[in-house]
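In the text below, chain A, chain B and the rest are named by the order of the sequence lines, each starting its count at 1. Fair warning: this is a prediction, and the values are worked out from it, not measured in the lab.
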Amino acid sequence: MSQTDVNGAPRRGKVLTLDTMNPNIKQVEYAVRGAIVQRAVKIEKELREGAKKPFTEVIKANIGDAHAMGQKPITFLRQVLAMCAYPELLKDDGFPTDAKQRARRILEACGGHSIGAYSASQGIECIRRDVSRFIERRDGGVASDPDDVFLSTGASDAIVTMLKLMVSGEGRTRTGVLIPIPQYPLYSAAIADLGGVQISYYLDEDKCWSLDVAELRRALRAAREHCQPRVLCIINPGNPTGQVQSRQCIEDVIRFAKEERLFLMADEVYQDNVYAEGCEFHSFKKVLFEMGPEYSSTVELASFHSTSKCYMGECGFRGGYMEIVNMDPAVKAQLVKLVSVRLCPPVPGQALLDLVVNPPQPDEPSYAGFMKERTAVLDALAKKARMTEQIFNKVPGITCNPVQGAMYTFPRITLPPKAIDKAKEEGQAPDMFYCMRLLEEEGICLVPGSGFGQREGTFHFRMTILPPAEKLELVLQKISAFHQRFTKEFS
Amino acid sequence: MSSHVRTARLDQMVDQMERAAHIKKMLEQGEKKPYKDVIDVCWGDPHGAGMKPLTFVRQVLAACLYPQLLDAGNLPMDVKRRAQKLLSWCDGGSVGSYTNTAGILEIVEKLAQFISQRDGVAAHPENIWIHPGSQTSLTQSILTLLLSSEATPKRGVLVPVPGYSTVPLSVTALGGVAAPYFLDEEGGWELRADELRRALASARGVCRPVALYVINPGNPTGHVQSRKSMEEVIRFVAENNLFLLADEVYQGSVYDADSEFVSYKKRLYELGPPLAHTLELASFHSASKGLGECGLRGGYVELVNMDPGIMPYVERLFHLIPSAPVTGQIALELMVEPPQPGDPSYPLYMHEMEHTRRTLVDNVKRVLQVLNRLPAISCQPVQGGAFAFPRLHLTTKAICKAKEAGMQPDMFYCTKLLEDAGVFVSPGCEYGQKEGTYHIRFCIMTPADTMEELLRRLSAFHLKFMKDFS
């Protein structure tokens, strides 16, 4: 058979196949946008094309996207951003003076006074200064250096950058990264992609998903057999679990990190989302410094924040930052180079972050309106958190820990053995099987607990508490009804 | 720390950036220098260099950011209609929502239409992915797939010299080998097939080459490839089982009347089957260059002829890449769907586009005129792209002085140019160049008076420099 074609060039197989592809990619999974979401998108398409279903819309309670669920943007933030995009609007009397002042200040700091210019790779300097001041205010005066602040394309970008920096080695010297189970699946996916070793530590479901240092120690000890643990990741408030760590717990973790010489990565993107009585957000940095110089001058820490959550919910802007503490200066110099390769974070996201850390003050015209909107969002979330816990705990077979913070509930579901068997037949994780059924029957999209990790033999799902209260109540009731039907069907 | 990171970017370049920022600050604070401002033409950043954004683009963006503007009287009807359409494509009608991983569906479809119209060949939305900037597409997705830090022998990517430095840095950081092929300066920076063959043979000695990276129009060279050259590249890639990575972000910037941008995809299809249906190609474009909106971070990749078995993994990997911000996605949409004749914004839009086009064509003329008249500096024609890349013919004395200072000669020249004349450009050593040759790169996307001032300062500096080191 001739190997040449009409062009005179020889036939060839593909360069990029499963066999030749970077093998690490095979390990990469990201449940939040995985198989169930793809099915949900397909169903939405079918609905648009007029298909008849037992529901008229798909409720995407799988992803922490507030605006998609109807939450309104904060007026002040969008006014400033609009003026940054189209500075002609600065002449418009319809905009308040404090918004104009901030827009002017941001534009001054941009190349050519345009948000379309590249910025410095680490982020616009005056914005990094504002972030430092915000951190200092938040942490009761603990100093923050703008040079230790790196703006990023959402917190995810900064998290992956840090992992890139730290994951190395081969065989027994491969970097081990401690991550909580259940976890936000970006961590496991990034670790897999980079060829690092995931070291799972289990949060205690019976104790409201709290973190136990004894469990950290167990995980670490076991891991030392086959890798070199270097990094400890904490998500506080937690995703998917919503737990807010106590101050004592944070101290214990810091002590542990020091003893075991681990780099702490503190994912604090939900820091404004704290609802439960008696719970309070304590930043890792603040606690670290309050523990005195023995810790504050030695423990290496990176904390992450974002404009996607809290009261703003501006996921689409990809705004975020990380602050590094006690990083080796030589390593920091390399980090600066590493971030320069991706040029710069989106400038509108940087501008938005500036407003988040520099909001209207009590003496400014936009203050009253801004605070009203902010409070309304956070109050609504708190109410929905309570409602979710109440309704779910009434259902036999669903146990729901209090949603102390963040934007999700992660209830445990009891599945009848017959359902588990059926799932195995279909080649699906039992909670995926459950969630797929719920999607087909009720048009509600959740993410199965298997996507986040859970103790063997337990099943969960993650649902966001973002839909408007009335809709959420309906969703909760539908899930409750479904659960009972499902349990009956497989008993 | 990961050893791969240590090989990133030249330290001296980072120092230069800090120095330029420092000088700018000092000038702001009133410090006296022989110049009143720093002309920063180090990056391909038109807005940073003083070019104005397109009014239509910014009006639509503002309305999307603050939809209350749609009810107010002041924006043109077509701006309002477009903003309404774009917002209807966003979840919850807000640019603050997450989007699909590949980008907003309707915008991806618009990109497919644009590509189809441009090439006369159908483009499919499933093969198009929007990312925050084309470099993110290239490095965090395609290169990550092609390269593997554990592979032995190491995998290689053939990269142009001179060429945009991010790619070789990323290749190395991912555990691959960046194998150079030299562009022919005397031939106007053309890409020669014999050089490709030489480079491949040489590369095979140290790695297993898997891909060829081409930039057309060139960065930093400004060369626009001829049909013949592109066909040679395609055949070369086919014969040698390489993945073709075509960086085409400057496709909208062609100045030379005799040059024409044609996409690699179109050229591939013109060659017909089976090549047209088998050769793997990734093509990149961006709103940074297409619209000058670098800060918005909107870029895309079109993947052509990929093995279907690999696509699920491509998707999984792409989930890990930060999505393009919605504002960047909107910029892409506006780039490919501009105002049409009859639309209220059309006259102003065309006026602004034409003004920009004229400015750049004139800038390029001036640059060639001025530089080719000066001694010891020469410049190949700038057929397209964002930069001029003139060659410095430095004296032995200058070269020695540079070595004493621990710098590459063109880096030395640039440091002095910044200090003495307040002009910030980048040295040829950043991009690679033939041994013993020296160059500088500067952006030509500036207002006309900025370009005049730049050329005035550069000429004066250059004459003095050559005199001092004669």
Note, [X] side chain near [Y] side chain (heavy atom, < 4.5 Å):
X	Y	value
A:Leu16	B:Met306	yes
A:Met69	B:Ser97	no
A:Asn24	B:Glu150	yes
A:Tyr86	B:Val79	no

Going from [atom1] on [X] to [atom2] on [Y], what distance comes out if it is rounded to the nearest 0.5 angstrom?
X	Y	atom1	atom2	answer
A:Leu89	B:Leu69	CG	CG	5.5 Å
A:Thr17	B:Tyr313	OG1	OH	11.5 Å
A:Leu343	B:Cys294	CG	SG	8.5 Å
A:Asp92	B:Asn74	CG	CG	6.0 Å
B:Met311	A:Leu18	CE	CG	12.0 Å

Counting only heavy atoms closer than 4.5 Å, note whether [X] contacts chain A via side chain, backbone, both or neither.
X	result
B:Leu75	side chain
B:Lys25	side chain
B:Thr101	both
B:Cys64	backbone
B:Leu147	backbone
B:Gln329	neither
B:Leu291	neither
B:Asn305	both
B:Leu105	side chain

Looking only at heavy atoms and a cut-off of under 4.5 Å, which of [options] has the most pairs with chain A?
options	value
B:Asp40, B:Val314, B:Leu146	B:Leu146
B:Asp91, B:Asn100, B:Ile310	B:Ile310
B:Gly96, B:Gly44, B:Ala49	B:Gly96
B:Val326, B:Thr327, B:Val57, B:Val95	B:Val95
B:Thr139, B:Leu61, B:Leu296	B:Leu296
B:Lys52, B:Gln59, B:Glu315, B:Met51	B:Gln59

| request: Could you check B:Ser94 against A:Arg78 for side-chain hydrogen bond (donor to acceptor under 3.5 Å, both in side chains), going step by step and ending with a plain yes or no? | output: CA-CA 11 Å; B:Ser94 163; A:Arg78 294 303 192 85; 3.0 Å; yes
Where the side chain of [X] meets the backbone of [Y], is there a donor-acceptor pair that is under 3.5 Å apart?
X	Y	answer
A:Asn22	B:Thr144	yes
B:Arg316	A:Lys26	yes
B:Asp45	A:Tyr118	yes
A:Arg318	B:Ala324	no
A:Asp65	B:Tyr98	yes
A:Lys14	B:Leu279	no

| note | Here the pair of heavy atoms bringing B:Gly295 nearest to A:Pro348 is O-CD, 3.6 Å
| message | Quick check: closest heavy atoms across B:Leu65 and A:Ala85, and the distance to 0.1 Å? | response |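 Shortest heavy-atom contact: CD1-CB, 3.7 Å.
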| field | Top of A:Ala68, A:Gly169, A:Gly111 for chain B proximity - count of heavy-atom pairs under 4.5 angstrom | value | A:Ala68
| Does atom NZ of A:Lys471 have more than 12 heavy-atom neighbours from other groups under 6.0 Å away? |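 Counting neighbours around NZ of A:Lys471, 12 or fewer heavy atoms of other residues, nucleotides or ligands fall under 6.0 Å, so no.
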Report which part of [X] has an atom under 4.5 Å of a heavy atom belonging to chain B: side chain, backbone, both, or neither.
X	value
A:Ser152	neither
A:Ile63	side chain
A:Pro345	backbone
A:Pro346	both
A:Glu125	side chain
A:Gln122	neither

| query | Residues in side-chain contact (heavy atoms from CB on, under 4.5 Å) with A:Cys110, at least two apart? | reply |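 A:Ile106, A:Ile115, A:Ile124, A:Val347.
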| field | Those residues that, when tested against A:Phe95, pass ring pair (Phe, Tyr, Trp, His ring centres under 6.0 Å) (two or more places apart) | value |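 Per chain and number, A:Phe95 pairs via ring pair (Phe, Tyr, Trp, His ring centres under 6.0 Å) with B:Tyr66.
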| query | Can you find a side-chain donor-acceptor pair between A:Ser114 and B:Arg58 that sits under 3.5 Å? | reply |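 A donor-acceptor contact under 3.5 Å links the two side chains.
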